[in-house]
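These notes are about the structure you will find just below.
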Amino acid sequence: MPELPEVETVRRGIAPVLEGRRLHRVLQRRDDLRIPFPARFSARLQGQQVTAVARRAKYLTIALDGGETLLVHLGMSGRFVIQPGGAGGNRFEAHDHVVLDTDAGDRLVFNDPRRFGLMTLVPTSDLAAAPQLAGLGPEPLSDEFTGEVLAAALKGRKTTLKAALLDQKVVAGLGNIYVSEALHRAGLSPKRLAGSVGAARAHRLAAAIRAVLMDAVAAGGSSLKDYVQADGTLGYFQHSFRVYDRADHPCPTKGCGGTVRHMVQNGRSTYYCPRCQK
DNA sequence: CTTACGGCCTGTACGC
DNA sequence: TGCGTACAGGCCGTAA
């Protein structure tokens, strides 16, 4: 599920359950996800009060009053399920890996079949220096992300524009879906050399990235197979895809008349309109 | 430094 | 029905 809009949607869903609450009991049901859990993981969480639930790129950052921050990545298939009042008892589903019970009696279950996600603990004082966060590019919905900044990040790059936008050092939070969507909105070809994007195109592209992410966040993200929101409701941005997973459909650009095509770049699907994306 | 690729995992959809 | 294959929203280590 998770690109920036889906992670932001998860953040908004779990924040009311966690913020200000104390973690009354923490259950860790296996030794690792993509990486091992840190030493004494559940003990370090237990008894801590959650001071803030924030997001950086596709990471959730759950700050605790003892000075550590729980860093969570959802990988490809990670999700949080809220069980109000601890509904569920001692019964768990397959791939329920971590269980957080709050002092309000609510339960948050982290479930991740593919285990590409991760959970670790980092010092809150050096959060930005955490290895997972240190190299990330600008937040696309922040004021720091401008056409000038994007142009500078793309300058001199020899790879395709599609591959460059998937690089989290260029801009943080885009994934395979929203890169295709943003490039279509900007009228730029995914095959274009990243370094060929100058000031004017970078300005257009930055605006398109912001717009598609804001629209998707407003829709609660995209739900393909899984549901995204922790309360089980569905995001609906998938109904607004202009090109992603829409091969052979008419291009939605007004007056274009082209047809959406599928291709594979660096082993990943790209969808685009050869007619209006140059 | 940059870039491309394989691997990590499980679930699902599809063709035979 | 069963079985094999390909593919899926991400990221990292390695090699060139």
Side-chain angles (χ1 to χ4, degrees), chain A residues 1-11 29-37 55-60 71-80 93-97 110-120 130-137 140 152-183 190-196 209 212-213 216-217 219-229 234-247 262-271:
Chain A
M1 334 158 218
E3 300 181 35
L4 186 152
E6 290 74 39
V7 179
E8 177 60 23
T9 299
V10 169
R11 187 194 72 75
R29 303 187 67 242
R30 55 174 296 124
D31 293 335
D32 59 68
L33 296 172
R34 194 176 83 214
I35 61 173
F37 286 96
R55 178 189 58 73
R56 171 74 171 112
K58 300 174 195 171
Y59 289 89
L60 293 164
L71 201 60
V72 181
H73 197 289
L74 303 176
M76 292 276 255
S77 57
R79 62 194 176 105
F80 278 103
E93 306 278 316
H95 315 301
D96 283 349
H97 304 311
F110 179 75
N111 180 289
D112 182 9
R114 292 178 73 176
R115 302 202 301 276
F116 286 176
L118 71 85
M119 278 196 194
T120 193
Q132 291 86 354
L133 306 184
L136 293 171
L154 295 174
K155 190 173 179 184
R157 299 208 48 161
K158 295 285 199 236
T159 189
T160 62
L161 189 48
K162 161 81 188 296
L165 292 178
L166 281 176
D167 184 344
Q168 303 295 296
K169 294 192 285 297
V170 170
V171 52
L174 291 179
N176 207 40
I177 291 178
Y178 294 104
V179 166
S180 278
E181 291 296 308
L183 285 171
K191 293 189 277 196
R192 170 185 280 276
L193 194 67
S196 74
I209 289 168
V212 71
L213 294 178
V217 169
S222 305
S223 308
L224 297 189
K225 299 185 187 81
D226 301 63
Y227 60 80
V228 165
Q229 301 184 30
L234 294 168
Y236 53 87
F237 191 73
Q238 68 277 13
H239 302 303
S240 300
F241 290 165
R242 299 189 187 181
V243 291
Y244 185 82
D245 203 23
R246 294 188 56 78
H262 170 264
M263 67 176 164
V264 175
Q265 292 179 290
N266 301 77
R268 312 207 56 194
S269 283
T270 300
Y271 299 87

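Note that the structure is predicted; figures quoted are calculated from it, not measured. Reminder, nothing fancy here: chain letters follow the sequence lines and each chain counts from 1.
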* **Qualifying residue, where the test is side-chain contact (heavy atoms from CB on, under 4.5 Å) with A:L174 and the options are A:V212, A:L213, A:L4** =>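 Going through A:V212, A:L213, A:L4 one by one, the side-chain contact (heavy atoms from CB on, under 4.5 Å) with A:L174 is satisfied by A:L213 alone.
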* **Atom P, compared across B:dC14 and C:dG9: separation rounded to whole Å** =>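 16 Å, rounded to whole Å.
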* Asked: When rounded to the nearest Å, what value does the distance between P atoms of C:dT5 and B:dG7 take?
  ->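 One P to the other, the span is 16 Å.
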Rounded to whole angstrom units, what separation is found between the [atom1] atom of [X] and the [atom2] atom of [N]?
{"X": "A:K155", "N": "B:dT2", "atom1": "NZ", "atom2": "C1'", "value": "17 Å"}
{"X": "A:R115", "N": "B:dG7", "atom1": "CZ", "atom2": "P", "value": "18 Å"}
{"X": "A:D167", "N": "B:dT3", "atom1": "CG", "atom2": "P", "value": "8 Å"}
{"X": "A:K169", "N": "B:dT2", "atom1": "NZ", "atom2": "C1'", "value": "9 Å"}
{"X": "A:L193", "N": "B:dA4", "atom1": "CG", "atom2": "P", "value": "10 Å"}
{"X": "A:D112", "N": "B:dC8", "atom1": "CG", "atom2": "P", "value": "17 Å"}
{"X": "A:Q265", "N": "C:dA8", "atom1": "CD", "atom2": "P", "value": "13 Å"}
{"X": "A:L165", "N": "B:dT2", "atom1": "CG", "atom2": "C1'", "value": "16 Å"}

* Let me have a per-nucleotide readout for nucleotides 10-16 of chain C, 5' to 3', with B, S or -, counting only protein heavy atoms under 4.0 Å. => BSS----
* Remember a base hit wins even if backbone is also touched, and classify A:F241 as base, sugar-phosphate or nothing at under 4.0 Å, heavy atoms. =>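 Counting heavy atoms under 4.0 Å across all strands, no contact is made by A:F241.
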* **Intra- and interstrand pairs of DNA chain B - dot-bracket, Watson-Crick/G-U under 3.5 Å, | marks other strand** => .|||||||.|||||||
Look only at the side chain of [X] and the backbone of [Y], and say whether a donor-acceptor pair between them is shorter than 3.5 Å.
{"X": "A:E3", "Y": "A:K58", "result": "no"}
{"X": "A:R34", "Y": "A:F116", "result": "yes"}
{"X": "A:D112", "Y": "A:H97", "result": "no"}

Residue pair [X] / [Y]: nearest heavy atoms and the distance that separates them:
{"X": "A:V243", "Y": "A:E181", "value": "N-OE2, 3.0 Å"}
{"X": "A:L166", "Y": "A:G175", "value": "CD2-C, 3.4 Å"}
{"X": "A:V217", "Y": "A:P5", "value": "CG2-CA, 3.8 Å"}

* Short side-chain N/O contact from A:T159 to OP1 or OP2 of B:dA4, under 4.0 Å ->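 So the side chain of A:T159 is within the cut-off, an N or O lying under 4.0 Å from OP1 or OP2 of B:dA4.
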* **Side-chain N or O of A:H95 closer than 4.0 Å to phosphate OP1/OP2 of B:dC9** =>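 No, A:H95 has no side-chain N/O under 4.0 Å of OP1/OP2 on B:dC9.
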* To the nearest 0.5 angstrom, please state how far the CG atom of A:N111 sits from the CG atom of A:D96. =>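 Interatomic distance, A:N111 CG to A:D96 CG, rounded to 0.5 Å: 4.5 Å.
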* Just how far is it from atom CG of A:L118 to atom CG of A:L74, taken to the nearest 0.5 Å? ->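 Taking CG in A:L118 and CG in A:L74, the distance rounds to 9.5 Å.
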